[in-house]
Asks: 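This is the structure I want to talk about, given as structure tokens.
Just so it is clear, the model here is predicted, and its values are computed rather than measured. For the single chain, residues carry numbers from 1 onward in sequence order.
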Amino acid sequence: MELTATDMPTGGEDVSVTVRAESTLSMSLSTDKDQYIQGESVKITSGISNGETKITTADVKSNITLPDSSINHLTLYDDGSHGDGGAKDGIYANFFDNTSLKGDYTVDATATGSLSDGSQFNRIEDSSFKIIQGTNSILLLPDNLSIEGKTGEKITKNITVSTSQALTSVAITPTSLQSENGDIIDTSNIKVNPAAVNVSSGVPETILVTINIPESATSGNYTGKINAIGTNGSDSCTIHLHVTDDNVTDTVPVANFTSSATSGKAPLKVKFTDTSTGSPTSWFWNFGDGSKSFHQNPSHKYSKAGIYTVNLTVKNDIGRNTVTKTEYINVITKPVANFTSSATSGKAPLKVKFTDTSTGTPAAWKWDFGDGSKSFHQNPTHKYSNAGVYNVSLKVKNAAGSNTVTKTNYIKVITKPVASFTSNVTSGKAPLKVTFTDTSTGIPAKWKWSFGDGTISREQNPEHQYLQGGSYKVTLTVSNAAGGNTITKTNYIKVTTNTRPGIYSENK
């Protein structure tokens, strides 16, 4: 889409564009009723389809926000065993039982999965329901408490708690007060007295609520609750606090934010929280993966592994400001181990620098150098003191899983070789075929054989045929980067014929 402006004033002006798209993929979310009594189970149901095709392999996760702002998590299933009807019918459901608190509950559900063409999808829906007072439950009055105050001011108010039971113990607890801009007055500034009370039928008890508005509090409307929770019921009083500060002057906002996570395995769901100052009135998020949001405190799911830069632009009537956090979100997958080395052979002592080349952003490394030594560094250096042939393995791990690679006979550490050999026979009639086997130590790299009849070979394990009778000496010279060594076996091969010995016979 290309937007062309005409008659633009000097300095420019803000332009808003709304883009809409249609899809055959749809998701519904609902509860079996709009209203329940305390303690009653709530069935949460979601239907997912692509046109006429039911989606039966989705992963559906829901979050239920309770009246006290706490969040419960619930997975919805399409297995025929969680109130969803028949298995694999595109209907996902489950029962939510934590309904002791009276008030409004909100539900948001996220469905992820793949379509038949292999493309990925992500759908989010929300719903709500209400829990009303059951029999013999707690009653807190008033239901709503509206308060106005200035920064630094202390405010006190009375509320009453009563019950229809003969006698019950009731705990009184406040929640934090939160503004529409995300500013918080925490519970350290909110006191209730008493915090627990025994109350009986017809005899209400008075609770003193004290709110200390911090000097640092920003102007705005804050909302929170005072909860009363008894053995067989609960109730709450909603607090609406309007805070003013006569000394505050309008300024350009300064953008800033935090997040619930900065790394994790895919898919990674991140809750972003605006912490900008200067009272912004609009927000624009760029999550670095092509997705954007205009919410103040959005949640975003990163579906693919990668490192993402996130920026937030905030604006009010005075101006705008942007903060960019480079490589802020790291989404990982299970790593794949691999490595290289500065050398794979050499004479003892051999120092080798190993370099991790694993993919998938590992967070931990374990090396086994094959000689009994190990290391947990990413790129270690190791010295092999003894000659030998060594296997090297590397195990890498991150939050998504682990993987191991082993390279067999990878490091060859040599010393000056010592020549030695055997043969399958040492005597016989001509023509005599003899197979020689190198048994030298020290890992030779080159071989030179002299068979005593004027012929030589440079194979490691040669085969040679003696054509004439006689006694022959055999010599083997071996060498590598560390040096060479020779062995001679005199009169080693004895060849007989029906005639006199040949001209290659040696004198004993």
Asks: Hey, could you give me the CG/OG1 distance between Asn256 and Thr258, rounded to the nearest 0.5 Å?
Replies: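 One gets 8.0 Å once the value is rounded to the nearest 0.5 Å.
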
Asks: Work out which heavy atom in Ser176 is nearest to a heavy atom in Asp186; give both atom names and the distance.
Replies: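 That closest heavy-atom pairing would be OG-CA, 3.5 Å.
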
Asks: Distance check, rounded to the nearest 0.5 Å: Thr324 atom OG1 versus Asn311 atom CG?
Replies: 4.0 Å

Asks: Quick one: do the Ser279 and Asn316 side chains pair a donor with an acceptor below 3.5 Å?
Replies: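 No donor-acceptor contact under 3.5 Å links the two side chains.
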
Asks: Leu208 versus Thr156: any side-chain heavy-atom pair under 4.5 Å?
Replies: yes

Asks: Decide yes or no for Asn391 and Tyr410: does some side-chain heavy atom of the first lie under 4.5 Å from some side-chain heavy atom of the second?
Replies: no

Asks: Once rounded to the nearest 0.5 Å, what's the spacing between atom CD1 of Ile207 and atom CG of Leu141?
Replies: 12.0 Å

Asks: Please determine whether the number of non-hydrogen atoms from other residues, nucleotides or ligands lying under 6.0 Å from atom NZ of Lys353 exceeds 12.
Replies: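 Yes - once you tally the heavy atoms of other residues, nucleotides and ligands closer than 6.0 Å, there are more than 12.
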
Asks: Has Asn398 got a side-chain atom pairing as donor or acceptor with Thr333's backbone, closer than 3.5 angstrom?
Replies: yes

Asks: Does the ring pair (Phe, Tyr, Trp, His ring centres under 6.0 Å) test come out yes or no for Trp367 and Phe354, once each step is laid out?
Replies: CA-CA 9 Å; Trp367 296 83; Phe354 292 93; 5.5 Å; yes

Asks: Using a distance-only test with no angle check, is there a side-chain donor-acceptor pair under 3.5 angstrom linking Thr160 and Thr206?
Replies: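 Short answer, no.
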
Asks: Would Ser259 and Tyr328 count as having a side-chain donor-acceptor pair, cut-off 3.5 Å?
Replies: yes

Asks: Are side-chain N/O atoms of His300 and Asp289 paired as donor and acceptor at under 3.5 Å?
Replies: yes

Asks: When you measure from the side chain of Asp32 to the backbone of Lys43, do you find a donor-acceptor pair of N or O atoms at a distance under 3.5 Å?
Replies: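 Yes, the answer is positive, given that a donor and an acceptor are paired below the 3.5 Å cut-off.
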
Asks: Distance only, no hydrogens: is a donor on one side chain within 3.5 Å (strictly under) of an acceptor on the other, for Asn98 and Asn72?
Replies: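 Per modelled atom types, Asn98 and Asn72 side chains form a pair under 3.5 Å.
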
Asks: Under 6.0 Å between ring centres, would you say that holds for Tyr77 and Tyr92?
Replies: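 Tyr77 vs Tyr92: aromatic centres not under 6.0 Å.
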
Asks: Test side-chain contact (heavy atoms from CB on, under 4.5 Å) on Thr173 and Val192 and set out the steps.
Replies: CA-CA 7 Å; Thr173 58; Val192 292; over 6 Å; no

Asks: Could Lys412 and Tyr390 be counted as a cation-pi pair, given that NZ or CZ must be under 6.0 Å from the ring centre and within 45° of the axis?
Replies: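 Judged by the rule, Lys412 and Tyr390 form no cation-pi pair.
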
Asks: Write down the atom of Leu66, the atom of Leu101, and the distance for their closest heavy-atom approach.
Replies: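 Closest approach of Leu66 to Leu101: CD2-CD1, 4.4 Å.
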
Asks: Taking the side chain as every heavy atom from C-beta outward, state whether Lys366 and Leu394 have any atom pair closer than 4.5 Å.
Replies: no

Asks: Is a donor from one side chain sitting under 3.5 angstrom from an acceptor on the other, for Asp356 and His377?
Replies: no

Asks: Looking at Lys301, I want to see if its NZ is surrounded by more than 12 non-hydrogen atoms of other residues, nucleotides or ligands under 6.0 Å.
Replies: yes

Asks: With rounding to the nearest 0.5 angstrom, report the CD1 to OG1 distance, Ile155 to Thr210.
Replies: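 Rounded to the nearest 0.5 Å, the CD1-OG1 separation comes out at 10.0 Å.
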
Asks: Quick check: do Ile147 and Ile239 have side-chain heavy atoms less than 4.5 Å from each other?
Replies: yes

Asks: Answer yes or no: is there a side-chain heavy-atom contact under 4.5 Å between Ile411 and Val392?
Replies: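 Counting from C-beta outward, Ile411 and Val392 do come under 4.5 Å.
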
Asks: Is it true that atom NZ of Lys395 has more than 12 heavy atoms of other residues, nucleotides or ligands lying nearer than 6.0 Å?
Replies: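 No, NZ of Lys395 has 12 or fewer neighbouring heavy atoms, counting only those of other groups under 6.0 Å.
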
Asks: Is it true that Thr238 and Lys225 share a donor-acceptor pair across their side chains at a distance under 3.5 Å?
Replies: yes

Asks: Could you pull out the closest heavy-atom pair between Pro298 and Phe287, with the gap in Å?
Replies: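 Smallest heavy-atom distance, with atoms named: CG-CZ, 3.8 Å.
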
Asks: So do the side chains of Phe121 and Leu115 get within less than 4.5 Å of each other, counting heavy atoms only?
Replies: yes

Asks: When you measure from the side chain of Asp84 to the backbone of Gly80, do you find a donor-acceptor pair of N or O atoms at a distance under 3.5 Å?
Replies: yes

Asks: For Lys325, look at atom NZ and say whether over 12 heavy atoms of other residues, nucleotides or ligands are found less than 6.0 Å away.
Replies: yes

Asks: Do Asp104 and Ser128 come within less than 4.5 Å of each other through their side chains, counting heavy atoms only?
Replies: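 No, too far: nothing below the 4.5 Å cut-off.
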
Asks: Between His240 and Asn144, is any side-chain donor less than 3.5 angstrom from a side-chain acceptor?
Replies: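 Yes, side-chain donor-acceptor contact under 3.5 Å.
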
Asks: For the residue pair Ser28 and Ser46, what are the closest heavy atoms and their distance?
Replies: O-OG, 2.8 Å

Asks: Check whether the side chains of Lys61 and Thr75 place a donor and an acceptor atom closer than 3.5 Å, and report yes or no.
Replies: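 A donor-acceptor contact under 3.5 Å links the two side chains.
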
Asks: What verdict does the side-chain hydrogen bond (donor to acceptor under 3.5 Å, both in side chains) test give for His73 and Asn63, after you've listed the backbone C-alpha separation in whole Å, the side-chain angles of each residue and the deciding distance to 0.1 Å?
Replies: CA-CA 5 Å; His73 307 288; Asn63 299 311; 2.6 Å; yes

Asks: Pair Tyr308, Tyr302 - check ring pair (Phe, Tyr, Trp, His ring centres under 6.0 Å), show working.
Replies: CA-CA 9 Å; Tyr308 300 96; Tyr302 289 90; 4.8 Å; yes

Asks: Keeping Asn181 on the side-chain end and Asp183 on the backbone end, is there a donor-acceptor pair under 3.5 Å?
Replies: no

Asks: Determine whether a donor-acceptor pair (N or O, by modelled atom type, separation under 3.5 Å) exists between the side chain of Asp235 and the backbone of Leu140.
Replies: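 Checking the backbone N and O of Leu140 against the side chain of Asp235, a donor-acceptor pair under 3.5 Å is found.
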
Asks: Can you tell me how far apart OG1 (Thr281) and CD (Gln296) are? Round to the nearest 0.5 Å.
Replies: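 Here the rounded value is 10.5 Å.
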
Asks: Are the side chain of Asp78 and the backbone N or O of Asp89 linked by a donor-acceptor pair below 3.5 Å?
Replies: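 At least one qualifying donor-acceptor pair exists.
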
Asks: Quick check: do Ile159 and Pro142 have side-chain heavy atoms less than 4.5 Å from each other?
Replies: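 Touching, per the 4.5 Å side-chain cut-off.
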
Asks: So which heavy atom on Val396 is nearest to which on Ala337, and how close?
Replies: CG2-CB, 3.6 Å

Asks: Are the side chain of Asn321 and the backbone N or O of Ala255 linked by a donor-acceptor pair below 3.5 Å?
Replies: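 Answer holds: yes.
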
Asks: Within a radius of less than 6.0 Å around NE2 of His242, do more than 12 heavy atoms belonging to other residues, nucleotides or ligands occur?
Replies: yes

Asks: Compare every heavy atom of Ile172 with every heavy atom of Ala228, then report the nearest pair and how far apart it is.
Replies: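 That closest heavy-atom pairing would be CB-CD1, 3.7 Å.
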
Asks: Between Thr357 and Phe339, is there a donor-acceptor pair closer than 3.5 Å when you use the side chain of the first and the backbone of the second?
Replies: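 Flag set: sc Thr357 to bb Phe339 pair under 3.5 Å.
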
Asks: Decide whether Ser23 and Arg123 meet the rule of one side-chain donor and one side-chain acceptor closer than 3.5 Å.
Replies: yes

Asks: Quick one: pull up CD1 in Ile132 and OG1 in Thr99 and give me the separation to the nearest 0.5 Å.
Replies: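 One gets 11.5 Å once the value is rounded to the nearest 0.5 Å.
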
Asks: Both conditions, 6.0 Å and 45 degrees, for the charged tip of Lys130 above the ring of Tyr105: are they met here?
Replies: no

Asks: Can you tell me if Asn122 and Thr112 form a side-chain donor-acceptor pair at under 3.5 Å?
Replies: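 Their side chains do not contain a donor-acceptor pair, so the 3.5 Å distance test is not met.
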
